[in-house]
Amino acid sequence: MTEREVRVRFAPSPTGPLHIGGVRTALYNYLLARKLGGKMLLRIEDTDQNRFVPGAEEYILEALAWCGIVIDEGQGVGGPHGPYKQSERKPMYKQYADQLIADGHAYYAFDTPEELDAMRARLQAAKVPNPQYNSITRAQMRNSLTLPEDEVKALLDGGAQYVIRLKVPRKEEIRFQDLIRGWVVVHSSAVDDKVLMKSDGMPTYHLANIVDDHLMEISHVIRGEEWLPSAPLHVLLYRYLGWEKTMPQFAHLPLLLKPDGTGKLSKRDGDRLGFPVFPLEWHGTDAETGEATLSRGYREDGYLPEALVNFLAFLGWNPGTQQEIFSMDELIQAFSIERVSKSPAKFDQNKVKWFNEHYLRAKSNAELAPYLLTALHEHAIVCSQEKAEQIVGVMKERVSFPNDFWQEAKYFFQAPTAYDETVVSKKWNGPVATALTAYAEALPTTPEVSAEGLKTLFNDTMAAQGLKPGQVLQALRVAVTGAAAGPDLFETLVILGVPEVADRLRAAVATIPVAA
RNA sequence: GGUCCGUUCGUCUAGGGGUUAGGACAGUAGAUUUUCAUUCUACCAACAGGGGUUCGAUUCCCCUACGGACUACCA
């Protein structure tokens, strides 16, 4: 390949929310495009009108944007090769099917679904290993290869329903080089006479895909492994259409597998597995019952897009170095399609979580504060930006998701209504209660409202009470927060503020009974 | 069933004819910490099996097993 502009495309079907495997496919396409200075296209493959799902296209656009995958050309962006939605390109495909027929590489088929079923049943009964419409069986079917010319003409003129099928040669080795797998060789007898044009006048995936990739000057086709079996068919199409010289290079990505059992990760696995398989939340309807369904999304679950992207990039690829943390720009620099592995990868929930914690901790308090503020707002709690930043600052080391901030930091806004039993029973007693009362009294006199200042005051007060700080510390935390564990206690007190701490101490001493 | 693809620690993977088979996540233990978490340190843990080729194979070849994808007028 010399001097050809690199143009890759992500071509999903709008049949529902884009799932995480699709996001990875898009990501690899994007990384390659950027790495090689090429273009990333987005094409919507909606040739199946029955499976169209409203909102799916918008979802795809939003999900890619959230992940930071930028589309250079295509649906939602525009460009010189539009339209980028196949249903809007419908009139463009027929001529290529006609050309194939004229060249003897395709033919009309008039078989009804019932006739096709009957054929398959017949072959099955005859123990034919692989029942298909092919170079052998087409001789027994009703098509323009078996029917007299005038009858075919009459059928076509009479408006009979027909499809156009590719005439796959009987004995031919079809080979192509896959960027990830090397040479792949398939015998043409394993490929059936695929339908190219459906009876509703729409092309099938195979035709539309090849025509569009050609017209859009796609240089690399990077897609999931589920397409590998039909790649030989696509090679045939390029050849018969006369486009073999500019045929894109293929790269078939290994699949993403379910973390538990076996099989590829599917849209349905979401709730069952307890983690999202979609980038964004999806409001759908159950196909059977028609009831509204809600599928979790990484975004709503509190994952940072950079964490998801970093994790996904490493599922099936690695740079060959020990570095694991990569920003999008670093991924672009390091990416190469040759280093994509051949074997499928199981989804690892722990690893995504780890990536998320990493990116969460790397964020500034100012960046994190909005997450807390949003939750606070939902609970009608007013909080300053400054205080929110302080809180996330002490909390970010201990949470996995920004969504956890509210839950973990509740006591900054609400005085405890219950006190941790274990600590109370072990650490709470008369002298401790007295000492805490003394501390509450002393607090307003502290020369310095800082973690250091409050700690010094605490130590001095305890000394005066004849107690060691360690004997009272735990009780202090429980009295103020209700919890047994949390971030640095004196930092917490500073954020709470002296008057509030003093109030809470008095309340605790008044409510917690002293063991006899 | 048929065709195709795949197989290194529990998971993601590095490596590659001669290595103590490396890293990360998880797990375990310890250190630090007023606590939990963080952080740090250590430990645990793998070349699916069988044949070749070779002085030598986890690495190359073949077979078997296992896993997966595909096998629609769905993509």
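In what follows, chains are A, B, ... by sequence order, proteins preceding strands, each numbered from 1.
When ring centroids are compared, Phe311(A) and Phe347(A) come within the 6.0 Å threshold. For Tyr298(A) and Phe275(A), the distance between ring centers is not under 6.0 angstrom. Tyr359(A) and Trp354(A) have their aromatic ring centers separated by at least 6.0 angstrom. Aromatic ring centres of Phe335(A) and Tyr28(A) lie closer together than 6.0 Å.
Looking at heavy-atom distances under 4.0 Å, Leu315(A) makes contact with sugar-phosphate atoms alone, never a base. Nucleic acid contact class of Gly486(A) (heavy atoms, under 4.0 Å, all strands): base. Using a 4.0 Å heavy-atom criterion, one finds that Gly224(A) contacts no nucleic acid atom at all. Within 4.0 Å of Arg477(A), counting heavy atoms only, lies at least one base atom of the nucleic acid. Here Arg223(A) lies out of heavy-atom contact (under 4.0 Å) with every strand.
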*Indicate for each nucleotide in nucleotides 40-46 of chain B, in 5' to 3' sequence, whether protein heavy atoms under 4.0 Å reach the base (B), only the sugar-phosphate (S), or nothing (-).*
-------
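Nearest nucleotide to the Lys342(A) side chain, out of G22(B), A24(B), G6(B): G6(B). Among C4(B), A26(B), C5(B), the nucleotide with an atom closest to any side-chain atom of Glu225(A) is C5(B). Of the candidate nucleotides A14(B), U13(B), U34(B), U13(B) has the atom lying nearest to any side-chain atom of Ala345(A). Closest contact between the side chain of Val184(A) and the listed nucleotides C5(B), U34(B), U3(B) involves C5(B). Each of G6(B), U13(B), G2(B) was ranked by its minimum atom distance to the side chain of Asn130(A); first place goes to G2(B). Considering only the side chain of Gln474(A), U34(B) comes nearest among U34(B), A26(B), G68(B). Listed nucleotides U38(B), A69(B), U13(B) differ in distance to Arg361(A); the shortest reach to its side chain belongs to U38(B).
Judged by a 6.0 Å distance limit and a 45° cone about the ring axis, Arg138(A) is not positioned over the six-membered ring of Tyr133(A). A cation-pi arrangement is absent between Arg339(A) and Trp317(A), since the terminal nitrogen or guanidinium carbon is not both under 6.0 Å from the aromatic centre and inside a 45° cone about the axis.
The pairing partner recorded for U33(B) is none, the criterion being a Watson-Crick or G-U wobble arrangement whose two distances lie under 3.5 angstrom. A42(B) is paired with U28(B) under the Watson-Crick or G-U wobble criterion, all donor-acceptor distances under 3.5 Å. A72(B): no Watson-Crick or G-U partner with both key distances under 3.5 Å is found in any strand. The nucleotide U7(B) finds its pairing partner in A65(B), both defining distances of the Watson-Crick or G-U wobble pair being shorter than 3.5 Å. Remark: G18(B) base-pairs with C55(B). Criterion, Watson-Crick or G-U wobble with two distances under 3.5 Å.
Judged as a side-chain contact (heavy atoms from CB on, under 4.5 Å), and not counting sequence neighbours, the contacts of Pro17(A) are Tyr59(A), Phe278(A), Trp282(A).
C44(B) and A21(B): their P atoms are spaced 13 Å apart (whole Å). Going from the P atom of C5(B) to that of C62(B) covers 11 Å, rounded to whole Å.
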Quick one: which protein N/O atoms are closer than 3.5 Å to N/O atoms of nucleotides 72-75 of chain B? Pair and distance per line, please.
from, atom 1, to, atom 2, distance (Å)
C73(B), OP2, Arg120(A), NH2, 3.4
C73(B), OP2, Arg165(A), NH2, 3.4
C73(B), O2, Ser199(A), N, 2.7
C73(B), O2, Ser199(A), OG, 2.8
C73(B), N3, Ser199(A), OG, 2.9
C73(B), N4, Asp111(A), O, 3.4
C74(B), OP2, Lys198(A), NZ, 3.3
C74(B), O2', Asp48(A), OD2, 3.1
C74(B), O2', Arg51(A), NE, 3.3
C74(B), O2', Arg51(A), NH2, 3.4
C74(B), O2, Arg51(A), NH2, 3.3
A75(B), OP1, Thr47(A), OG1, 2.8
A75(B), OP1, Lys198(A), NZ, 2.6
A75(B), OP2, Tyr205(A), N, 3.2
A75(B), O3', Ser13(A), OG, 2.8
A75(B), O3', Glu45(A), OE1, 3.3
A75(B), O2', Ser13(A), OG, 2.4

_side-chain contact (heavy atoms from CB on, under 4.5 Å), that's the test. Do Lys264(A) and Glu226(A) meet it? Break it down for me._
CA-CA 10 Å; Lys264(A) 73 171 171 177; Glu226(A) 67 267 29; 4.2 Å; yes
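Ionic pairing of Asp348(A) and Lys346(A) is not present here: no N-O contact between side-chain nitrogen and carboxylate oxygen is shorter than 4.0 angstrom.
When each of Asp404(A), Ile391(A), Asn365(A) is paired with Lys396(A), the side chain to side chain contact (heavy atoms under 4.5 Å, CB included) condition holds for Asn365(A) and for no other.
You'll find a donor-acceptor pair under 3.5 Å spanning the side chain of Lys351(A) and the base of A24(B), going by distance alone.
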